[in-house]
Q: 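This is the structure I have questions about; it appears just below.
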Amino acid sequence: MDERQAVGREIVERVRAALESAELAAVSDLLDPSVRWGAPDDPAPGCTNRDQVLAWYQRGRTAGVRARVTEMTVHGDQLLIGLRVSGNPAAQAGGGEVDRWQVVRIRSGRIVDIRGFDQRADAAARVAASP
């Protein structure tokens, strides 16, 4: 196994553990200070640094939003993450839970970009189209 594969597996396990634990300290350790989080093609995402991402995550936790990882695959420097979300309006409208996906870009062992998708096909197309 080469170094890139080892780093990929380590990152996958760290991201999965952080998301499943829902502990802000674990999430914080994974985020680049200048991480960006937003809609797929938004040039000005809603979050543009670690503190904003953590505040968004904490607001969701406080409001009762929960997510469990259902899928995580490596695509070069990106992860495709499937989540089963409960406790938000979309989940309530969908009978209690709703599937969501994130495409996460990794650089130097930290998450530098997160894009949220409602449809798996759109998220998968994003990682497939990346160089």
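All values below come from the heavy atoms of this structure, side chains included, with hydrogens, waters and symmetry mates left out. Quick note: residue numbers are just sequence positions, from 1.
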Q: Taking atom CG of Leu31 and atom CZ of Arg110, what is their separation to the nearest 0.5 Å?
A: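 Reported to 0.5 Å precision, the distance equals 8.0 Å.
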
Q: Taking all atoms of both residues into account, what is the closest heavy-atom pair of Ala67 and Val85, and its distance?
A: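 Minimum heavy-atom separation between Ala67 and Val85: CB-CG2, 4.1 Å.
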
Q: Give the cluster check for Leu24 versus Ile111: same hydrophobic cluster or not, with ILVMFWY residues linked at side-chain heavy-atom distances below 4.5 Å.
A: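 Yes, one cluster joins them.
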
Q: Under a 4.0 Å N-O cut-off, is there an ion pair linking Arg68 with Glu97?
A: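 The answer is yes: the pair qualifies as a salt bridge.
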
Q: Please step through side chain to side chain contact (heavy atoms under 4.5 Å, CB included) for the pair Trp101 and Leu83, ending with a clear verdict.
A: CA-CA 6 Å; Trp101 290 266; Leu83 301 166; over 6 Å; no

Q: Taking a hydrophobic cluster as the set of Ile, Leu, Val, Met, Phe, Trp and Tyr residues connected by side-chain heavy atoms closer than 4.5 Å, whether directly or through intermediates, do Val112 and Leu30 fall within one such cluster?
A: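 Different hydrophobic clusters.
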
Q: What heavy-atom pair brings Ser86 and Gly96 nearest, and what distance separates the two atoms?
A: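 Nearest heavy atoms, Ser86 then Gly96: CB-O, 3.4 Å.
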
Q: Sequence neighbours left out, what passes side-chain hydrogen bond (donor to acceptor under 3.5 Å, both in side chains) with Asp118? Give chain and number order.
A: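 Partners of Asp118 by the side-chain hydrogen bond (donor to acceptor under 3.5 Å, both in side chains) criterion, ordered by chain and then number, come out as Arg100.
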
Q: Ignoring hydrogens and angles, tell me if any N or O in the side chain of Arg36 forms a donor-acceptor pair with the backbone of Arg115 under 3.5 Å.
A: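 Answer holds: no.
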
Q: Let me have the donor-acceptor pairs involving side chains of residues 51-61, under 3.5 Å, with sequence neighbours excluded, atom names and distances please.
A:
| from | atom 1 | to | atom 2 | distance (Å) |
| --- | --- | --- | --- | --- |
| Gln52 | OE1 | Thr48 | N | 2.5 |
| Gln52 | OE1 | Thr48 | OG1 | 3.1 |
| Gln58 | NE2 | Thr62 | OG1 | 3.0 |

Q: Decide, yes or no, whether a salt bridge links Arg120 with Asp122 under the criterion of side-chain N to carboxylate O below 4.0 Å.
A: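 Result for this pair is no, no salt bridge flagged.
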
Q: If every non-hydrogen atom of Asp32 is compared with every non-hydrogen atom of Ser34, which pair is closest and at what distance?
A: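 Between these two residues, the closest heavy atoms are OD2-N, 2.9 Å.
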
Q: For a quick test of reading the model, state the closest non-hydrogen atom pair linking Leu79 to Met72 and the distance between them.
A: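 Heavy-atom minimum between the residues: CD1-SD, 4.2 Å.
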
Q: Looking only at heavy atoms, what is the nearest atom pair of Val103 and Ala123, with distance?
A: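 Minimum heavy-atom separation between Val103 and Ala123: CG2-O, 3.6 Å.
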
Q: Can you find a heavy atom in the side chain of Ile114 that is under 4.5 Å from one in the side chain of Val35?
A: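 A side-chain contact under 4.5 Å exists here.
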
Q: Applying salt bridge (Lys or Arg N to Asp or Glu O under 4.0 Å), run through Arg126 and Asp41 and close with a yes or a no.
A: CA-CA 10 Å; Arg126 176 60 59 97; Asp41 296 312; 2.6 Å; yes

Q: Output, in order, the C-alpha distance, side-chain angles, deciding distance and verdict of side chain to side chain contact (heavy atoms under 4.5 Å, CB included) for Glu20 and Val69.
A: CA-CA 7 Å; Glu20 290 178 352; Val69 177; 3.8 Å; yes

Q: Surrounding CD of Gln119 (heavy atoms of other residues, nucleotides or ligands, distance under 6.0 Å), is the total greater than 12?
A: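 Check fails, neighbour count at 12 or below.
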
Q: Side chain to side chain contact (heavy atoms under 4.5 Å, CB included) for His75 and Leu80? Distances and angles first, verdict last.
A: CA-CA 7 Å; His75 301 267; Leu80 172 62; 4.0 Å; yes

Q: Measure the CD-CH2 distance between Gln102 and Trp37 for me, rounded to the nearest 0.5 Å.
A: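 Interatomic distance, Gln102 CD to Trp37 CH2, rounded to 0.5 Å: 5.0 Å.
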
Q: Do Ile11 and Val74 sit in one hydrophobic cluster, given that two such residues count as connected whenever their side-chain heavy atoms are within less than 4.5 Å of each other, even indirectly?
A: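 Same cluster: Ile11 reaches Val74 through Ile, Leu, Val, Met, Phe, Trp or Tyr contacts under 4.5 Å.
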
